[in-house]
Amino acid sequence: MDRTPYGTSSEVRIRIGGPAGAGIKAAGQTLARSFVAAGLHTFDLTEYPSLIKGGHNTYHVRVSPDVLFSHVSPTDVLVALDSATVDLHAAELDGAGAIVFDPDDAPAGGYAVEGACMVEVPLGRIVSDAGGVQVMRNIAALGAVLGLMRFPLVHLEESLRAQFASKDASVTAQNVAVAAAGHAFGQQAACDFPVSLKPVNDASQRVLVDGNEAVGLGALAAGVGFYAAYPMTPASSLLHFMAARGEDQGVVVKHTEDELAAMNMVVGAAFGGARAMCATSGGGFSLMSEAFGLAGVSESAVVVGVFTRPGPATGMPTWTEQSDLRFVIHAAQGEFPRVVLAPGDVTEAFDLTWRAFNLADRLQTPVVILGDAYLSDHRQSAPAFDLAGVTIERGELQVEGEVQGYLRYRETEDGVSLRVLPGVIGAQQIVNSYEHDEHGWGAPGEDARVRKSQNEKRMRKLALARTIVPPPARFGPDDADVSVICFGSTKRPVLEAMRMVGELGISVNLLQTVTVWPFPAHEVTEFIDSATRVVVIEGDHDGQLEGLIREQCLREVHDRLRRYDGRPFAPEQVARFLEEVAGRD
Amino acid sequence: MDRTPYGTSSEVRIRIGGPAGAGIKAAGQTLARSFVAAGLHTFDLTEYPSLIKGGHNTYHVRVSPDVLFSHVSPTDVLVALDSATVDLHAAELDGAGAIVFDPDDAPAGGYAVEGACMVEVPLGRIVSDAGGVQVMRNIAALGAVLGLMRFPLVHLEESLRAQFASKDASVTAQNVAVAAAGHAFGQQAACDFPVSLKPVNDASQRVLVDGNEAVGLGALAAGVGFYAAYPMTPASSLLHFMAARGEDQGVVVKHTEDELAAMNMVVGAAFGGARAMCATSGGGFSLMSEAFGLAGVSESAVVVGVFTRPGPATGMPTWTEQSDLRFVIHAAQGEFPRVVLAPGDVTEAFDLTWRAFNLADRLQTPVVILGDAYLSDHRQSAPAFDLAGVTIERGELQVEGEVQGYLRYRETEDGVSLRVLPGVIGAQQIVNSYEHDEHGWGAPGEDARVRKSQNEKRMRKLALARTIVPPPARFGPDDADVSVICFGSTKRPVLEAMRMVGELGISVNLLQTVTVWPFPAHEVTEFIDSATRVVVIEGDHDGQLEGLIREQCLREVHDRLRRYDGRPFAPEQVARFLEEVAGRD
Amino acid sequence: MTEQTSFDTPLKPTWCPGCGNHGMFKALKTALTDLGWEKHTFAMFWGIGCHGNGADFYDVQGFHALHGRSLPAATGFALSRPDMRTVVIAGDGDGYGLGLGHFVHSVRRNVDITYIAHDNQTYGLTTGQTSPTSEHLAPSVSTPGGVLEQPVNPLGLALVQGATFVARGFAGDVAGLTELYRLALTHKGFAMVDVLQPCVTWNKLNTFKWFRDRVYQLEGSGHDPSDRQSAVALSMKTFREMSCTPDECTIPIGVFYSEDGVPTYQDGLPQLDDGPLWRRAVQPRDVSGLIEVHGGPR
Amino acid sequence: MTEQTSFDTPLKPTWCPGCGNHGMFKALKTALTDLGWEKHTFAMFWGIGCHGNGADFYDVQGFHALHGRSLPAATGFALSRPDMRTVVIAGDGDGYGLGLGHFVHSVRRNVDITYIAHDNQTYGLTTGQTSPTSEHLAPSVSTPGGVLEQPVNPLGLALVQGATFVARGFAGDVAGLTELYRLALTHKGFAMVDVLQPCVTWNKLNTFKWFRDRVYQLEGSGHDPSDRQSAVALSMKTFREMSCTPDECTIPIGVFYSEDGVPTYQDGLPQLDDGPLWRRAVQPRDVSGLIEVHGGPR
Ligand SMILES: Cc1ncc(C[n+]2csc(CCOP(=O)(O)OP(=O)(O)O)c2C)c(N)n1
Ligand SMILES: Cc1ncc(C[n+]2csc(CCOP(=O)(O)OP(=O)(O)O)c2C)c(N)n1
Ligand code: SF4
Ligand code: SF4
Ligand SMILES: [Mg+2]
Ligand SMILES: [Mg+2]
């Protein structure tokens, strides 16, 4: 466990642990929702092995009146729904904080934890008294946590009412009763609690979502009409999100027989003019890669979510990594223009997703949203999404009417040809997986000149892409002791670490390559050239981002931090690294 | 058509053209075989569209007493089996040389070609007179070509006898008669033929093979036991080659239902201890990529041939390109060690293939043989393969007996663990697509430390690979006016071009990256640093090799030549480029 | 603007002279013309193979998909374009090898698509390798010792998966084939026509003559196309005995099974009630009701 | 050295309490023990899913393959190790969704493999999405409005493709299942056992009780397991009517079809006559006879 010297003075960190199947994540999310409803910020982290039951699950949440960028390692309140939780996590308390537990779970003689304030709550009995079922023990525990923190119960009550709105009224009543009883028990505890959190009344508008929900909302806002997927952790929850809303929102959501079907269906739906998307993890993307290339050569506007988990092959389904970067940039035989966007948090996940559809339509080529389990799975409070900012730009597209002398792949200056949908009178065309001529016919595409000019036509769209893709994001001062380059969700612990080392007087700035392809070589080169010490922080073994920087910018960096054990960077780990780099002569 | 100032004084270039289905390639290969049997060198190039019939096919062959590196553009004798051949190719003769044609094919009024010597041969009539079928017209034409060249008929006769050995004796007799009649006609022609070729009696031992045959022989020599493939141009002929020999050679050759099955079967066969291989083109490799990663994480010794054709997607099935370089280096989710070998000619195709099996076994990881249609399809005379040099190194492998306390993925210094095959008593193990512990169990693989150390263990094999993979090949003087870097089959036209510009007094040297992964960064950097002007020549649009050089060596090159119209580089084109670069201040 | 009525493009078919594909080409163009299908009312999809080369020859609104993947591409289209019809042209290698999973899943989906297989029992385009429907023990360049597998039984597979229209045609019977196409094109639901298509270049066993000696019309033979079980039996008989002599066995062509009124996949999608799905992307969708917003002015 | 006889590893099964996988685990260990199969005489392959988690629990020589690809991996093994037997454990999502093509092709190959499907009609490991065998119209997180497809009929597919051993088991009948396993393991050729395996966590419809109310043993029911046609009919009846009430229908378990003496794929490979194929790679193969050498001293 990380012991951190970095100040985290105004926040409370709660960990709930228990056996798989005990509803740990749902309980945690209910708690987080209560805090956000009370005007606070939260960031949660759920860890679970790739097993349904029998494994140990935990949910960790930070709560603070300040904006939070990432998870952190320490815990202030440990909620133990089994004794394993105490064994595994008591050390995180580091001699302070509280443990909420059910004496019935504890070993004979009780837990031997030093320093922590032990809060005995008869969770099982509370549930039985309220006539509830044992899975409600976690609700009692939530009440106890709030009581212990001297935090009002009302927001939790509201959260429970919302959560069980569709269930029988008695279920809600039982849950509320159980929470209240837990609250009362917690209030009796006389722990010397370091931080006192209070509801904030004038809080700005905010949402509590995970990355997949943010992507799903972005896709819906963008007018997605067809979504196809084969379940694969950590992308499955996006399928569930879309499936739950498909009928109401007029989206055809197809759980396909495999990932090959998903990607090919999406290309077919794009041919029909629907805004079409699929999402998967790296393994599914491997199976999609041929059809991904099909989208490239056929100039199909499709959006593909690739949410990385550690590989290779089945790898570590429920953990995180950033190791698919080069794969998505080079996937599929041959060469074609593509755009790869890597959101770093839920706000970017929403924005980049709707923008991805515009880019795909304007460029008539596949756009990848490259995420990872750390982005997909964990909820974070964030400013309410800018719904009014969403635009729909479908580029060169004719959906109705008629056309004459139509050439699907007409060679143009910027490489983009007018797309006329099937159904338009006169729109005879062959959208083709073969190389082809301007009409789309395959045989003439074998001519060397036709091949060359169609190949160049497609590639010109990459030049166009450079002018319209989102630029890198910059954080921190212009001049800094250490300059960081990262992509995707690693942005989160880096920002958190920047705050941590900032308190020690170390200045750090950050360039996040929001678009990773086409690579923003110009901006990255400038950033490196104006920096004192540049480090690359990325969640892989091989240094794929660093390789891109070397290739595209011909620049060496000062140092690097990589992680490839399935876990996201802890901000404390990043802070230590930055401190160390800053301290070098 | 290229008009070349470069000297090619001692050779004859013959092109046979006709409709698809007329047996152009077979006829050409018979002719080439005759010349090689006569002690000469040949290099052929077959071009055909992706159609069975109805397209225009041509076969081009160079014949010379000197070693030949590649095809060239000009033609001295054009054999026209239809009038389209004259229309399309007469310009190659550039006002000299001869056209062999059947007057029955010619338009009314005959062909209007200036300068060429028109050799009328009544091919159809010759065939009818001999009682043969019309597809034999090409044999009559071969005879005529030899007659025209005043070249003896005997080697062609022998070739025909060998080719039809399995057929009815009357078929052979007819073919021989037809060839003789053609020869007589050719001899009557009074063309002013520039080069006089004679059989060479003391020629060294040589073979006449294409790249796929060379790969197949290499695999057989290496003791391949299992070969699986789904047909895909240009890899299909390797499947045919293996299938034809499978039963005799004790190789199970499986035409599978798809490429996913092929790759997964190969991994399964490797688990059983067979030397196992599959081959395909880029599209099939897309479908294989998930299982390719499986080979990586499960530490399976497999060999995969990827023979590129122009992409993306279906692309241009019967043409060539080098655009899958980065794809094979980065294919599949996650990170794992792999070796990518890129043979530049048939000799290397043989050598690198058997070596690939040794590397796969010693490293217990997938090894790719990256070729292309230009290597796969065209026959070249080459020194007889060094069969005595073939070795079998199976690395850390126990095939029989028993074992105790076995750990399939034991962590070792160089990352290689003892492989004990199923069937050995006590060899319980799980070869796993999940991350795993030393035994191979998946659940413990989710532990951060286990993941990290297994990941690093696998990656250490890449360091080992660097010490045992074939080094780059160097050609030409140490100091040169222009220094070229290339990989794979582009070596051929570059070597030919070096000879061409050498005659103009321009010195060129070449570094061929035989192993493209792990990239020979050290040697390439040294080469660049000691060169005057470095150029990269590669058959793609994006400059993938140049990108690797930039990434791995942090070096910029002086200039570049790329080709991406489906055709291999013509040596004349390369020579012009080298001349131009050498002439710069 | 009136549409051109010919379904020919300027590109002449490059299929080998005598190939069964020519008859299939003719039959389909005739069926489309007979039915009066205008070119903007349907889309065609092809896999990769000789059959797929047809993409250059039909003047339509079409999509030349990947080898083995025409069905999923067509399904994506069909499920987003309720205003159009969808026709898929597949090969036996393409559709029953690589694409077999998609085929079976499409059947059980009863997606409203017409599926035509050019079943030449060989890989035509890639020079005559064994195909999934090659005869048991037939030799080829990829299986010189003969295919060890039983051939795929596409009709049987479809039938046991609840297919609603299953037919077999013969490229040598253009009139009968045209009629089968008409039925398939107008069937609501997944309609498959497996067409025996002699490949004159590579398949020297299953020639026009070979088929002519064996085929008979199901119509009038007493077969009841509403009887799924006997259709299955028929499919199994022929699939196991194709290499038999004309005396030993015959090959039925015509409609094996046809059932009306089974809901299609599209019928289960109210999302399609108001037309093509590109209509969803005219204005940004208002998602404010889909996300809970906390705090701020209410 | 004598082999350890227990098939348990130190890792305790993590399947949910009450899951049908426990009974299947027990039945297979018992069958292996009863048959006296030593651990070095067979290899086991798993797909990815809850079923596949068993790879950690059986102490064997095994291979935990990709999702949906256990059959091809196992086939590669089986075709290069004639000295060993091969057992494949698949899931319904794994084997009949993603892997459906491999399944059908393996059947027609009659490759000598025992194939056991943990058919829980759901994606257990990935939290309960629809599977290819989910009931028509059953809702799930991936199909909240209900599955629009007909379920896959794995037994029917196998039967029309010429399968030589087709059985259905029930995880709640461990004794019967053990017997089916014994038969399948000793069958020469592709032997499939589709096992109804209640998933107590996600599948709230097809529970132990639900099955107990419906299953009946084929043995003694008058079914003739050498009659392929009636086996097909049986498979179709049950596959289309599974959601019916116990009065309306029953679900047969036991051997649907069994046929001995059909050559296996391996039987067609003389390459395997002299044992495992690693023997080919002991010495370099002499290929001098395979390549024509011109010129030089003869
Ligand atoms: C993924 C992939 N694998 C292989 C190929 C090569 N290929 C093209 S067509 C074909 C087989 C053609 O056979 P079939 O589908 O029966 O069509 P036919 O030519 O007989 O009409 C193959 C193997 C390909 N294009 N893509
Ligand atoms: C290519 C690929 N796609 C998706 C997944 C994710 N995945 C793992 S198991 C599974 C489904 C499991 O269902 P089933 O095969 O029925 O097994 P069960 O868990 O029910 O035993 C999925 C979709 C994967 N591992 N690989
Ligand atoms: S190869 Fe066969 S299928 Fe292809 S066009 Fe020729 S005859 Fe027809
Ligand atoms: S989720 Fe279902 S199938 Fe998986 S272990 Fe639990 S009960 Fe069994
Ligand atoms: Mg075919
Ligand atoms: Mg399942």
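The model shown is predicted, which means the values in this text are computed figures rather than measured ones. In the text below, chain A, chain B and the rest are named by the order of the sequence lines, each starting its count at 1.
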**Asked** Where does the angle between the aromatic ring planes of D:Phe103 and D:Tyr96 fall among parallel (under 30°), tilted (30 to 60°) and perpendicular (over 60°)?
**Response** perpendicular
**Message:** If we define contacts as heavy-atom pairs under 4.5 Å, which of B:Val200, B:Thr256, B:Val224 has the most with chain D?
**Reply:** B:Val224
**Prompt:** Taking the six-membered ring where the residue is Trp, are the ring centres of D:Tyr58 and D:Phe7 under 6.0 Å apart?
**Reply:** no
**Message:** With a 4.5 angstrom heavy-atom cut-off, is it the side chain or the backbone of D:Asp83 that approaches chain B, or both, or neither?
**Reply:** neither
**Message:** With chain D as the partner, which of B:Lys254, B:Met263, B:Arg245 has the greatest number of non-hydrogen pairs under 4.5 Å?
**Reply:** B:Lys254
**Interface residue of largest heavy-atom contact number with chain D, from B:Ala162, B:Gly442, B:Gly39, B:Ala384, under 4.5 Å** = B:Gly442
**Item:** Interchain contact, B:Asp248 with chain D, by part (heavy-atom threshold 4.5 Å)
**Value:** neither
**Prompt:** Based on non-hydrogen pairs under 4.5 Å, which of B:Val251, B:Leu387, B:Val390, B:Val253 is most in contact with chain D?
**Reply:** B:Val251
Under 3.5 Å donor-acceptor pairs involving side-chain atoms of residues 264-276 of chain B, not counting sequence neighbours:
from, atom 1, to, atom 2, distance (Å)
B:Asn264, ND2, B:Leu260, O, 2.8
B:Arg275, NE, B:Asp361, OD2, 2.9
B:Arg275, NH1, B:Ala222, O, 3.0
B:Arg275, NH1, B:Asn358, OD1, 3.3
B:Arg275, NH2, B:Phe357, O, 3.4
B:Arg275, NH2, B:Asn358, OD1, 2.8
B:Arg275, NH2, B:Asp361, OD2, 2.9
B:Arg275, NH2, B:Glu393, O, 3.2

**Message:** Looking only at heavy atoms and a cut-off of under 4.5 Å, which of D:Asp274, D:Ile48, D:Leu71, D:Leu277 has the most pairs with chain B?
**Reply:** D:Leu277
**Prompt:** Among residues 73-81 of chain D, which residues come closer than 4.5 Å to chain B, judged by heavy atom distances?
**Reply:** D:Ala73, D:Thr75, D:Gly76, D:Phe77, D:Leu79, D:Ser80, D:Arg81
**Prompt:** Is the distance between the ring centroids of D:Phe190 and D:Tyr265 less than 6.0 Å?
**Reply:** no
**Fill in**
Output for pair (B:Leu208 CG, B:Phe35 CZ), nearest 0.5 Å, gives 12.0 Å
**Toward chain D, the part of B:Arg206 with a non-hydrogen atom under 4.5 Å** = both
**Prompt:** Which bit of D:Leu11 is near chain B, if near means a heavy-atom gap under 4.5 Å: side chain, backbone, both or neither?
**Reply:** side chain
